[in-house]
2 protein chains.
Amino acid sequence: MKLAIDAMGGDYAPEEIVKGVELARDQHSDIEFLLFGQTDKITPFLKDNSHITIVQADEVIEMGDEPVRAIRRKKQSSIVLAAQAVKEGKADAFFSAGNTGAVLAAGLLIIGRIKGIDRPGLTTTLPVITKKDQDSFVMLDIGANADSKPANLVQYAVMGKYYAESVMNITNPRIGLLNNGTEADKGDKVHREVHDLLLETENINFIGNVESRELLNGVADVVVTDGFTGNAVLKTVEGTALSMFKMIKGSIMSGGVGGKLGAAMLKGTFNEVRNQMDYSKYGGAVLLGVKAPVVKTHGSSKAETVVNTISQIKSMIDTQSVQNVISYFDDQAKKAANEEENA
Amino acid sequence: MKLAIDAMGGDYAPEEIVKGVELARDQHSDIEFLLFGQTDKITPFLKDNSHITIVQADEVIEMGDEPVRAIRRKKQSSIVLAAQAVKEGKADAFFSAGNTGAVLAAGLLIIGRIKGIDRPGLTTTLPVITKKDQDSFVMLDIGANADSKPANLVQYAVMGKYYAESVMNITNPRIGLLNNGTEADKGDKVHREVHDLLLETENINFIGNVESRELLNGVADVVVTDGFTGNAVLKTVEGTALSMFKMIKGSIMSGGVGGKLGAAMLKGTFNEVRNQMDYSKYGGAVLLGVKAPVVKTHGSSKAETVVNTISQIKSMIDTQSVQNVISYFDDQAKKAANEEENA
């Protein structure tokens, strides 16, 4: 398989991106890497170019650039050229740690939507921290679309199913709808309608409404939400965890020697908690609903996250995650056409 | 002042409610308490009835009762009778730890909306845990209305302002709109419109959009949100904090003797963190937008929370929090009428 990598995106690009690609190359002999970016900036960090090809991209889309405009104007940027390589079949997936909006716009406008998907949704994997037999869950949409219609969320559920099967390696994952209560009639108009539509959706294991209080307890494998709420909930998880870490640290520091000694003894525990809450270990956020894996990691990504993300992309390609979604919606379209014909 | 208390609501009613009321009575000599409930169940726990009057209520609205139907059918319930006492001017505020939906319905249907408020909003006080000069913030709506229109959120902002002034004792509190990014154009259609309306709203200190990641860091004094998102975010804060406590505990327990010793040494820190995250110390959730304070505490409330909530209600009454909202919307209506006349 071939991956198109934006070597210029992210706070530590190109150094950490190149490092990560080399580490991933050493792990996966079946991957060819196309590194898009400014050759003179990439080569100083590239130790061994086996299975790695640099593709010159003169321009760079900066973090502050307005996404859609940047995609249209910076035709020679690493993001645009990498996405075009995927569109033209020269690569199987696109990965960037750069400008999120530009990566999403490139996925949507250059690589293009799957037939039957109205709005691609952004997906992330989050930790389950209090359950022994479940390590993580996926949630979408976490912010690709602030305004969502019921049909969008139904499509998220289907895409989430195939994605979870692919990256979490579970069959028939439990799909929950994020709502204000577990009862069927909870929520606003959109979510009540989505609940009813999901009950009728074929080939998914819909377990009903789930509440955000239970997410980290593993209440579902796939959590479906509108992009506005999903984004708010994701940022609340991050913010609460970070604030609690800060508070614990502050409390220890302002305490006496006993507290500091206690903290030293609990170093293992704190590392474990921090490691469990750190969801970059699962890779990046995936734009589901476009014709190939489009994966975005945090701008602060270092080599380790790049390696994890490449493993995640490899799983998606190995298990034909995108192809499964395409087939599902093809089948649905055929069924609808047949029903119309027979009517 | 006189408070109408539902003595029968909550997991530990009437015992803990009565206990809490007696403790509050001992602190505040200027409060008269009307305890609504089944006299024979209340009296065994009542040690001293000075400043406390029991008002017999034959019926009890249970936690599982359908709220609006319960309000309509159980006319002799403690919730209905307590709310009626407020409506009739026999009491200045209504407090319950019972069925949330029924308490909100009683506030809305019996005590009634303030003129100019389309939808009352539910408000809670949450901790700020990483800032020295700010202890807490208020957020509304946390779930009274799943479906919200822009005008509802503007009204929440005004009510939040007077509430924060009243209970947090700060003048001109910073009002932020919970959104998917801090830029003015972020969010879905509703939130973009709210942002623009808040810029034009008189007499409020609108600081723009705020993100849920920053809530516990004290990014605003009043956080305005639609009831669907607010509910999801509140439950995410609770769930993340609880899951992290569980994980830390689990990790310590499964660790060696050193870890357990370390945990013993950090007991002070853990207690401090737990105490800071416990927002029942700020009292209960307040239904803002009705003609008198209507306050609901968690079903698991014990005497201490009852005492805190009564102090919170006393602040609202002392500072004429509700009257300020009534005056604001009266003024707005007069201005609008004048403008129409002069047009």
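So you know, we letter chains A, B, ... as the sequences are listed, proteins then strands, and number each from 1.
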Apply side chain to side chain contact (heavy atoms under 4.5 Å, CB included) to B:V237 and A:V237, showing your working. CA-CA 7 Å; B:V237 171; A:V237 170; over 6 Å; no
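Heavy atoms of A:I129 lying under 4.5 Å from chain B belong to its backbone as well as its side chain.
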For chain A and chain B, give me every donor-acceptor pair shorter than 3.5 Å, distances to one decimal.
{"unit_1": "A:D147", "atom_1": "OD1", "unit_2": "B:K189", "atom_2": "N", "d": "3.0"}
{"unit_1": "A:D147", "atom_1": "OD2", "unit_2": "B:K189", "atom_2": "N", "d": "3.3"}
{"unit_1": "A:N180", "atom_1": "O", "unit_2": "B:K235", "atom_2": "NZ", "d": "2.8"}
{"unit_1": "A:K189", "atom_1": "N", "unit_2": "B:D147", "atom_2": "OD1", "d": "3.0"}
{"unit_1": "A:K189", "atom_1": "N", "unit_2": "B:D147", "atom_2": "OD2", "d": "3.4"}
{"unit_1": "A:E211", "atom_1": "OE2", "unit_2": "B:K235", "atom_2": "NZ", "d": "2.3"}
{"unit_1": "A:S212", "atom_1": "OG", "unit_2": "B:A232", "atom_2": "O", "d": "2.7"}
{"unit_1": "A:S212", "atom_1": "OG", "unit_2": "B:T236", "atom_2": "N", "d": "3.4"}
{"unit_1": "A:S212", "atom_1": "OG", "unit_2": "B:T236", "atom_2": "OG1", "d": "3.2"}
{"unit_1": "A:R213", "atom_1": "NH1", "unit_2": "B:E238", "atom_2": "OE1", "d": "2.2"}
{"unit_1": "A:N217", "atom_1": "OD1", "unit_2": "B:S243", "atom_2": "OG", "d": "3.1"}
{"unit_1": "A:A232", "atom_1": "O", "unit_2": "B:S212", "atom_2": "OG", "d": "2.7"}
{"unit_1": "A:K235", "atom_1": "NZ", "unit_2": "B:N180", "atom_2": "O", "d": "2.8"}
{"unit_1": "A:K235", "atom_1": "NZ", "unit_2": "B:E211", "atom_2": "OE2", "d": "2.2"}
{"unit_1": "A:T236", "atom_1": "N", "unit_2": "B:S212", "atom_2": "OG", "d": "3.4"}
{"unit_1": "A:T236", "atom_1": "OG1", "unit_2": "B:S212", "atom_2": "OG", "d": "3.2"}
{"unit_1": "A:E238", "atom_1": "OE1", "unit_2": "B:R213", "atom_2": "NH1", "d": "2.2"}
{"unit_1": "A:S243", "atom_1": "OG", "unit_2": "B:N217", "atom_2": "OD1", "d": "3.1"}
{"unit_1": "A:S251", "atom_1": "OG", "unit_2": "B:T269", "atom_2": "OG1", "d": "3.1"}
{"unit_1": "A:S251", "atom_1": "OG", "unit_2": "B:E272", "atom_2": "OE1", "d": "3.0"}
{"unit_1": "A:T269", "atom_1": "OG1", "unit_2": "B:S251", "atom_2": "OG", "d": "3.1"}
{"unit_1": "A:E272", "atom_1": "OE1", "unit_2": "B:S251", "atom_2": "OG", "d": "3.0"}

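Chosen from B:A232, B:G143, B:G250, the residue pairing most often with chain A at heavy-atom distances under 4.5 Å is B:A232. Per-residue heavy-atom pair counts under 4.5 Å with chain B were compared for A:V273, A:L215, A:L216, and the maximum is reached by A:V273.
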